[in-house]
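Values below: every heavy atom of this structure, side chains too, minus hydrogens, waters and symmetry copies.
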Number of protein chains: 2
Amino acid sequence: MVMSVDTDLLRVLSDPLRLRIVTLLARETLCTTHLVEETGARQTNLSNHLKVLREAGLVDTEPCGRFTYYRLRPEVLEALSGQFAALAATARANADTKRSC
Amino acid sequence: MVMSVDTDLLRVLSDPLRLRIVTLLARETLCTTHLVEETGARQTNLSNHLKVLREAGLVDTEPCGRFTYYRLRPEVLEALSGQFAALAATARANADTKRSC
DNA sequence: GACTGACATCACCATGGACTGATACTTTCA
DNA sequence: TGAAAGTATCAGTCCATGGTGATGTCAGTC
């Protein structure tokens with residue numbers, strides 16, 4: 001039984017800047033200002049990407065005064081990892097299965 | 001140490017039809033004709049997507065007379081799975097790390 | 001209450017890429 | 001050798017989406 005991978009989630013992660021953000025957030029919880037410093041991207045651009053990450057359930061927001069902290073949710077990445085592992089296992093199990101023409 | 005995930009590979013996998021192809025190939029090795037039957041997509045369209053999958057190293061081709069068999073390469077998916085797992089593990093380890101503003 | 005900083009939203013533009021029809025190439029078979 | 005089937009390539013169209021500037025909103029500070 002092959003678990004289906006969510007293409008929307010993959011699309012979200014396939015953007016270089018968004019993956020950069022995710023990688024940075026894996027190391028520490030940051031707010032937008034930090035991300036602007038780290039990535040060199042414009043605030044507007046980052047805000048747009050963070051919205052996408054939020055809507056994909058990849059990050060949680062934590063308002064703190066006038067700052068907004070962004071925290072990565074490991075569960076989502078773990079699930080994705082598991083889905084790819086399952087897909088790879090299926091492929092290995094059926095390595096010799098070939099439909100004839 | 002966070003392994004960097006390849007965004008190009010993610011972009012390739014984030015297309016619904018391509019992921020569909022990958023999922024089908026995980027179950028059995030197929031040729032283009034089979035994929036046309038299974039997906040309902042045009043031959044030209046499929047050929048384009050298969051080229052993308054080939055160039056991304058996700059599939060191997062095996063010519064067989066006038067047919068071309070496509071075989072999924074599990075290593076690539078396994079590597080991807082491991083990279084996401086590592087990223088998630090990093091995030092769990094640093095769950096309480098927060099940079100102050 | 002006026003001002004500044006942090007962040008979000010909006011409207012717009014530019015570009016990548018998915019899909020298509022036409023066509024070329026290659027193999028098999030009559 | 002001609003025809004048909006399987007597949008790849010090419011040129012073109014169209015749309016989704018990433019980037020940007022202008023602007024809005026809210027919290028803290030004077």
*Does OP1 or OP2 of C:dG17 have a side-chain N or O of B:His49 closer than 4.0 Å?*
no
Pairs under 3.5 angstrom only: tabulate donor-acceptor contacts from the side chains of residues 10-19 of chain B to other protein residues two or more places apart or in another chain.
{"unit_1": "B:Ser14", "atom_1": "OG", "unit_2": "B:Arg11", "atom_2": "O", "d": "2.8"}
{"unit_1": "B:Asp15", "atom_1": "OD2", "unit_2": "B:Leu17", "atom_2": "N", "d": "3.1"}
{"unit_1": "B:Asp15", "atom_1": "OD2", "unit_2": "B:Arg18", "atom_2": "N", "d": "3.1"}
{"unit_1": "B:Arg18", "atom_1": "NE", "unit_2": "B:Val12", "atom_2": "O", "d": "2.6"}
{"unit_1": "B:Arg18", "atom_1": "NH1", "unit_2": "B:His49", "atom_2": "ND1", "d": "3.1"}

Using atom [atom1] of [X] as one end and atom [atom2] of [N] as the other, report the distance to the nearest whole Å.
X	N	atom1	atom2	result
A:Arg42	D:dG19	CZ	C1'	9 Å
B:Glu55	C:dG17	CD	P	12 Å
A:Asn45	C:dC13	CG	P	18 Å

Which residues pass the side-chain contact (heavy atoms from CB on, under 4.5 Å) test with [X], not counting sequence neighbours?
X	result
A:Ala88	B:Pro74, B:Leu77, B:Glu78
A:Val59	A:Leu25, A:Leu53, A:Arg54, A:Tyr70, A:Leu72
A:Asn94	A:Thr90, A:Thr97, B:Arg27

*asked:* Walk along nucleotides 5-16 of chain D from 5' to 3' and tag each nucleotide B, S or - by protein heavy-atom contact under 4.0 Å, base first, then sugar-phosphate.
replied: SSBBBB------
*Output all residues satisfying side-chain hydrogen bond (donor to acceptor under 3.5 Å, both in side chains) with B:Glu55, sequence neighbours left out; order by chain, then residue number.*
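Scan of B:Glu55 (side-chain hydrogen bond (donor to acceptor under 3.5 Å, both in side chains), adjacent residues dropped) gives none.
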*Kindly indicate whether the side chain of A:Arg42, heavy atoms from C-beta on, has any atom under 4.5 Å from the side chain of A:Leu46.*
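No, every pair of side-chain atoms sits at 4.5 Å or beyond.
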